[in-house]
Amino acid sequence: MEKIQVAIIGGGIIGLQTALELSKYVNPEEIVLLEKNPFCGDETSARHSSVLHSGIYYPMNSKKHRLCMHGLELWNDLCQEFQIDKKNCGKYLFATTQNELEDLNKYKQLALEKNIPFRSISNSEQEKLRIYTHLLDGIFIESTSVIDAPSAIKKIETSLFNRGVIFQKNITVLDIVQHSESYELDCGDYRFECEYLINCAGHGAVDLRKKLGLFDIENFFVKGNYIKTHQKFYNESLLYPIPHHNLLGLGIHTSFDLDGTLRFGPNTEPIAEINYSMNSNLISEFIGPIQKQFIGIETEKLELDYCGIRPKILLNGELYTDFIIQSPLAKYIECLGIESPGLTSSPAIAEFIVSQFFQRP
């Protein structure tokens with residue numbers, strides 16, 4: 001039976017970044033990356049706002065906070081190395097009610113504690129933004145940007161392939177057997193052993209760990225839909241309302257592609273299973289929440305765009321809101337609950353994973 005040093009399950013942005021980091025310390029030809037789909041990054045990694053976040057939202061010293069802020073720094077070098085297009089647009093975080101003004105002050109304090117660059121918005125900026133939003137007050141966060149995520153995924157994958165990393169696509173892991181010094185993976189016609197096993201399987205990560213006898217975590221999938229507009233609207237910077245306390249995400253905000261195409265979303269819709277279909281009634285469901293925050297949106301110029309599914313998790317039956325990156329078994333590490341800010345955090349997550357197994361030269 002074929003033996004290889006490291007197997008990474010999952011070809012999304014976390015798996016690709018992990019392979020990239022790992023290839024600095026391990027012979028790339030001793031790394032196999034398994035992906036169940038025909039293309040890498042075809043699920044969570046390409047179905048989001050493509051925003052590189054500042055880290056302001058996440059609890060102090062949580063994994064999301066620390067890995068997001070470090071990942072943001074690492075993306076600067078990655079974008080240069082791989083010539084990934086990035087727009088340093090910044091983000092307006094704004095309040096529309098008196099209660100939200102109190103939350104805005106809390107975010108200001110968090111930004112100060114985390115050394116996140118921000119500034120109050122000027123009177124002239126407020127005047128301009130009130131053409132488009134029901135803004136009372138807000139702050140501008142300089143370090144937020146937008147990248148071409150699908151292009152980034154493809155460029156990193158191409159680099160790994162050229163280095164000699166082994167890609168196995170359209171592969172489903174049917175079973176895993178832990179031996180004393182290795183893991184045996186059954187992928188139907190393809191069976192092999194690896195010394196180290198890294199679970200970056202996204203939506204499938206929880207089911208994968210169950211094959212290893214780990215049952216304390218369950219999936220909690222949340223779909224987020226996006227609606228795009230054809231009307232001319234503000235797209236110089238991102239517009240983010242203050243998140244409501246009971247939301248499963250950051251709330252409906254603006255995002256845009258590097259070509260300027262603008263969309264609203266995502267909403268939050270708990271679902272039982274993976275399903276990327278979009279209901280034709282979504283536009284009528286979106287228009288109310290959109291109009292509470294934004295001004296002048298023409299319903300007839302809205303259309304369905306795409307949706308993504310957040311791989312949230314339940315730990316011992318309770319919703320767990322941070323990343324879980326842990327090694328419950330020898331020479332095995334798993335990434336669970338890697339939702340937003342997973343894209344931003346991905347290079348920092350990769351560094352953390354590799355540091356658990358391999359020493360820098």
Side-chain angles (χ1 to χ4, degrees), residues 48-62 64-65 68-69 72 86-146 224 226-229 231-256 260 262-268 285-299 302 321 340-341 344:
H48 48 69
S49 302
S50 292
V51 173
L52 296 182
H53 287 284
S54 66
I56 192 171
Y57 297 108
Y58 316 109
M60 193 74 175
N61 293 321
S62 64
K64 284 186 177 181
H65 160 223
C68 177
M69 294 195 66
L72 185 63
K86 181 173 70 150
K87 182 176 181 178
N88 299 316
C89 56
K91 171 173 71 179
Y92 288 102
L93 179 62
F94 66 95
T96 61
T97 67
Q98 290 298 321
N99 287 339
E100 289 178 355
L101 287 175
E102 295 179 12
D103 289 332
L104 180 63
N105 288 329
K106 293 177 184 177
Y107 282 118
K108 289 179 182 179
Q109 185 59 38
L110 275 173
L112 290 171
E113 292 172 3
K114 296 175 179 179
N115 293 317
I116 295 172
F118 78 96
R119 59 172 173 77
S120 299
I121 55 179
S122 66
N123 291 336
S124 61
E125 284 177 295
Q126 291 193 30
E127 185 176 331
K128 182 177 182 178
L129 291 173
R130 284 180 181 136
I131 298 172
Y132 303 98
T133 72
H134 297 288
L135 175 143
L136 291 180
D137 196 7
I139 58 175
F140 183 73
I141 301 169
E142 302 169 9
S143 54
T144 304
S145 57
V146 175
Y226 291 86
I227 304 292
K228 66 181 177 181
T229 180
Q231 79 179 88
K232 187 175 181 180
F233 197 77
Y234 180 87
N235 64 356
E236 296 171 28
S237 298
L238 300 167
L239 300 175
Y240 273 65
I242 296 291
H244 293 174
H245 295 175
N246 60 347
L247 286 178
L248 294 171
L250 297 178
I252 293 175
H253 53 78
T254 67
S255 62
F256 42 74
L262 188 131
R263 63 183 56 88
F264 298 95
N267 64 344
T268 51
E285 295 172 10
F286 259 69
I287 194 63
I290 289 174
Q291 289 177 343
K292 285 183 179 179
Q293 309 292 347
F294 303 102
I295 294 172
I297 301 304
E298 300 174 35
T299 306
L302 295 173
T321 57
S340 181
T344 316

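Note that these values count all heavy atoms, side chains included, but never hydrogens, waters or copies made by symmetry.
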Legend entry - Donor-acceptor contact below 3.5 Å, side chain Gln231 vs main chain Glu298: yes
Inset, instruction - Check whether the ring centres of His253 and Tyr240 lie less than 6.0 Å apart, and answer yes or no. - result: yes
Inset, instruction - With sequence neighbours left out, write down each residue that passes side-chain hydrogen bond (donor to acceptor under 3.5 Å, both in side chains) with Tyr107, or none if nothing qualifies. - result: none
Legend entry - Least distance between heavy atoms, Phe94 atom then Glu100 atom: O-OE1, 4.4 Å
Legend entry - Any donor-acceptor N/O pair, Arg130 side chain to Leu135 backbone, under 3.5 Å: yes
Legend entry - OG-CG distance between Ser143 and Asn115, expressed to the nearest 0.5 angstrom: 11.5 Å
Legend entry - Ala111 versus Ile56, closest heavy-atom pair with distance: CB-CD1, 3.9 Å
Inset, instruction - With sequence neighbours excluded, tell me which residues meet side-chain hydrogen bond (donor to acceptor under 3.5 Å, both in side chains) with Ser122. - result: Ser124, Glu125
Inset, instruction - Indicate the atoms forming the closest heavy-atom contact of Gly260 with Asn235, along with that distance. - result: O-ND2, 3.0 Å
Inset, instruction - Considering non-hydrogen atoms only, spot the tightest contact between Val51 and Thr144 and give its length. - result: CG1-CG2, 3.5 Å
Inset, instruction - Nearest 0.5 Å please: distance from the CD1 atom of Ile227 over to the CG atom of Leu262. - result: 12.5 Å
Legend entry - Candidate pair Lys292 and His134, rule side-chain contact (heavy atoms from CB on, under 4.5 Å), full reasoning: CA-CA 8 Å; Lys292 285 183 179 179; His134 297 288; 5.9 Å; no
Legend entry - Contacts of Gln293 that satisfy side-chain hydrogen bond (donor to acceptor under 3.5 Å, both in side chains) - sequence neighbours left out: none
Legend entry - Mutual orientation of the aromatic rings belonging to Tyr132 and Tyr234 [parallel < 30°, tilted 30-60°, perpendicular > 60°]: tilted
Inset, instruction - Decide side-chain contact (heavy atoms from CB on, under 4.5 Å) for Ile242 and Leu93; before the verdict, give the C-alpha distance in whole Å, the side-chain angles of both, and the deciding distance to 0.1 Å. - result: CA-CA 6 Å; Ile242 296 291; Leu93 179 62; 3.9 Å; yes
Inset, instruction - State the SG-CD1 distance between Cys68 and Ile116, to the nearest 0.5 angstrom. - result: 7.5 Å
Inset, instruction - Using modelled atom types only, decide if a donor and an acceptor are shared between the side chain of Thr344 and the backbone of His53 within a distance under 3.5 Å. - result: yes
Inset, instruction - For Lys64 and Pro59, indicate whether the former's side chain and the latter's backbone hold a donor-acceptor pair under 3.5 Å. - result: no
Legend entry - Atom CD of Gln98: over 12 foreign heavy atoms under 6.0 Å: no
Legend entry - Nearest-0.5 Å distance that lies between atom OG in Ser237 and atom CZ in Phe140: 4.0 Å
Legend entry - Under 3.5 Å donor-acceptor, Thr254 side chain and Leu239 backbone: yes
Inset, instruction - Any chance you could measure Tyr57, atom OH, to Ser62, atom OG, to the nearest 0.5 Å? - result: 14.5 Å
Inset, instruction - Say whether, by atom type as modelled, one donor and one acceptor occur between the side chain of Lys108 and the main chain of Phe118 under 3.5 angstrom. - result: no
